[in-house]
Amino acid sequence: MPELPEVEAAARRLRAAAVGRVIRAARTFHDAARRALPDRDAAQLAGRRVVGVRRLGKHQAIDLDDGSTLHAHFRMTGDWDVGRDDAPLPPHARVALSLDDGTRVALAGARVLDGVRGHAPGAAPEPRLGPDALDPARDGAALRAALRGRRAAVKPALLDQRVVAGGGNIYASEALWRAGIDPRTPAASLGPARVGRLADAVRAVLHDALDAPGRYQDGEALERLRVYDREGEPCVRCGAPVRRTVQAGRSTYYCARCQKR
DNA sequence: CGACTCCTGACA
DNA sequence: TGTCAGGAGTCG
C-alpha cells in the first residue's frame with residue numbers, strides 16, 4: 001500500500017488513536033517482527049504514554065513520554081489497523097500495541113518487510129532524509145541543489161530519500177509525466193525552469209492523492225494515475241502509447257512523445 | 001551507481 | 001511453477 005499519501009493517512013489515524021494514550025502492552029507475532037522489536041524492548045513499552053506521532057518521509061516516529069521513540073516503516077505492504085483490543089487481529093499482524101482506552105493499534109503487512117523498532121532517548125532513529133516531499137520549502141531551487149552532480153537519471157534520483165523524503169515509485173512516474181520530463185534524463189542536466197516544474201509536480205501529485213479518498217489499489221485511485229501501470233494505453237495528454245522501462249530495477253512508465261529529455 | 005536482499009501474495 | 005510487486009539498507 002504505502003507511498004507517501006497512504007503513509008500520511010495512516011499516520012493521521014495512528015495519531016488520532018494513540019496520542020495521549022498509555023501503552024498497556026506490546027506484542028509481536030512474527031520472527032522478523034521480533035528481530036526488529038525484541039521482547040525485552042517490547043516489554044519496556046508498557047506504561048509509556050504516546051506524546052506524538054510524526055511522519056518523516058515514509059517513516060513514522062512514535063514519540064513516548066520518556067523521550068524514547070518507536071520507529072515504524074511500512075515498506076511495501078504495511079498499514080495500521082485500529083480497533084478494539086478484544087477484536088480479532090487483522091491478517092498479517094506483526095506488532096500490536098494495546099492502549100489504556102481499550103483500543104489496539106496493529107501494524108499489519110503481508111510481506112513482513114515492515115516493522116517497528118525502539119530507540120532510546122537521544123538516539124537518531126531515522127536515516128538521513130532530505131526535505132519532505134510535501135514541504136513547501138522543497139521548491140525548485142532546493143530540488144536542483146539536491147540533484148546537482150548526479151549522473152543518474154532523474155527518475156531513480158526521485159526515489160532517493162535524501163533527495164525527496166517520501167518519494168516513491170508510482171508518484172515519481174506520475175510527477176515526471178505531469179512535468180513533461182523524460183524519466184531517463186540525467187538529473188543534473190535539467191535546467192532551473194524544468195526542475196521547478198518537477199518540484200511543483202511532485203507536490204501536486206501527492207496532494208491530489210492525499211485529497212482523494214482511497215488507496216491506489218482501489219479502482220478509483222488507480223484511475224487517477226496517468227501513466228503508472230498503463231503500458232500500451234494512449235497517453236491521456238497526447239495519445240501516444242505509454243511505455244514501460246526498468247530503471248534501477250524498478251518499473252518506470254512514461255510517454256515517449258510528450259515527456260522530453 | 002546498480003545488484004542483491006529481506007518476505008509473502010497475486011497473477012500469468 | 002515462475003515472475004513480479006508500491007521500499008530501502010547494504011554491498012561491490
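Labels below follow one simple rule: chain letters A, B, ... track the order of the sequence lines, proteins then strands, and each chain is numbered from 1.
Partners of A/Asp41 according to the salt bridge (charged side-chain N to carboxylate O under 4.0 Å, His left out) rule, which considers only residues two or more places apart in sequence or in another chain, do not exist here. In this structure, the side chain to side chain contact (heavy atoms under 4.5 Å, CB included) partners of A/Ala93, at least two apart in sequence or on a different chain, are A/Phe29, A/Leu89, A/Pro90. The salt bridge (charged side-chain N to carboxylate O under 4.0 Å, His left out) test applied to A/Arg34 returns A/Asp31, not counting sequence neighbours. Residues passing the salt bridge (charged side-chain N to carboxylate O under 4.0 Å, His left out) test with A/Glu231, sequence neighbours excluded: none. Residues meeting the salt bridge (charged side-chain N to carboxylate O under 4.0 Å, His left out) test with A/Arg48, sequence neighbours left out: A/Asp65, A/Asp66.
If you take CG of A/Asp160 and C1' of B/dG2, they are 13 Å apart, rounded to a whole angstrom. For the pair A/Glu6 CD and C/dA5 C1', the interatomic distance rounds to 15 Å; values are reported in whole Å. Computed from coordinates, the A/Ile170 CD1 to C/dC4 P distance equals 17 Å when rounded to whole Å. Rounded to whole Å, atom P of B/dC1 lies 12 Å from atom CD of A/Gln247. A/Asp229 has its CG atom 10 Å from the C1' atom of C/dA5, to the nearest Å. Distance A/Phe74 CZ to C/dG7 P: 13 Å, rounded to the nearest Å.
Which of B/dG2, B/dC1, C/dG7 sits closest to the side chain of A/Ala152 comes down to B/dC1.
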Considering only nitrogen or oxygen atoms on both sides, find all protein atoms under 3.5 Å from nucleotides 8-12 of chain C and state each distance.
{"unit_1": "C/dA8", "atom_1": "OP1", "unit_2": "A/His73", "atom_2": "NE2", "d": "2.7"}
{"unit_1": "C/dA8", "atom_1": "OP2", "unit_2": "A/Lys58", "atom_2": "NZ", "d": "2.9"}
{"unit_1": "C/dA8", "atom_1": "OP2", "unit_2": "A/Gln161", "atom_2": "NE2", "d": "3.3"}

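Here salt bridge (Lys or Arg N to Asp or Glu O under 4.0 Å) pairs that include residues 104-118 of chain A, with residues two or more places apart or in two chains, number zero. The list of salt bridge (Lys or Arg N to Asp or Glu O under 4.0 Å) pairs with a residue in residues 144-164 of chain A, not counting sequence neighbours, reads A/Arg150-A/Asp160, A/Asp160-A/Arg162. Residues in residues 229-261 of chain A take part in these ring pair (Phe, Tyr, Trp, His ring centres under 6.0 Å) pairs, two or more places apart or across chains: A/Tyr228-A/Tyr253.
Residue A/Arg117 is classed as having no contact, given no heavy-atom separation below 4.0 Å to the nucleic acid.
Just one of A/Gln60, A/Arg55, A/Lys58 meets the side-chain hydrogen bond (donor to acceptor under 3.5 Å, both in side chains) condition when paired with A/Glu8; it is A/Arg55.
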Given protein heavy atoms under 4.0 Å, the one-letter contact record of nucleotides 7-12 of chain B, with B base, S sugar-phosphate only and - none, is simply BBS---

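Remark: DNA chain C takes part in the stems B:1-6 with C:7-12, B:8-12 with C:1-5, each of 3 or more antiparallel Watson-Crick or G-U pairs, criterion distances under 3.5 Å.
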When you look at A/Arg54 and A/Asp63, which way does the side-chain contact (heavy atoms from CB on, under 4.5 Å) test go after all the steps?
CA-CA 8 Å; A/Arg54 292 172 291 143; A/Asp63 296 316; 2.7 Å; yes

Determine all donor-acceptor pairs shorter than 3.5 Å in which one atom belongs to a side chain in residues 133-140 of chain A; sequence neighbours excluded.
{"unit_1": "A/Asp135", "atom_1": "OD1", "unit_2": "A/Ala137", "atom_2": "N", "d": "2.8"}
{"unit_1": "A/Asp139", "atom_1": "OD1", "unit_2": "A/Ala141", "atom_2": "N", "d": "3.3"}
{"unit_1": "A/Asp139", "atom_1": "OD1", "unit_2": "A/Ala142", "atom_2": "N", "d": "3.0"}

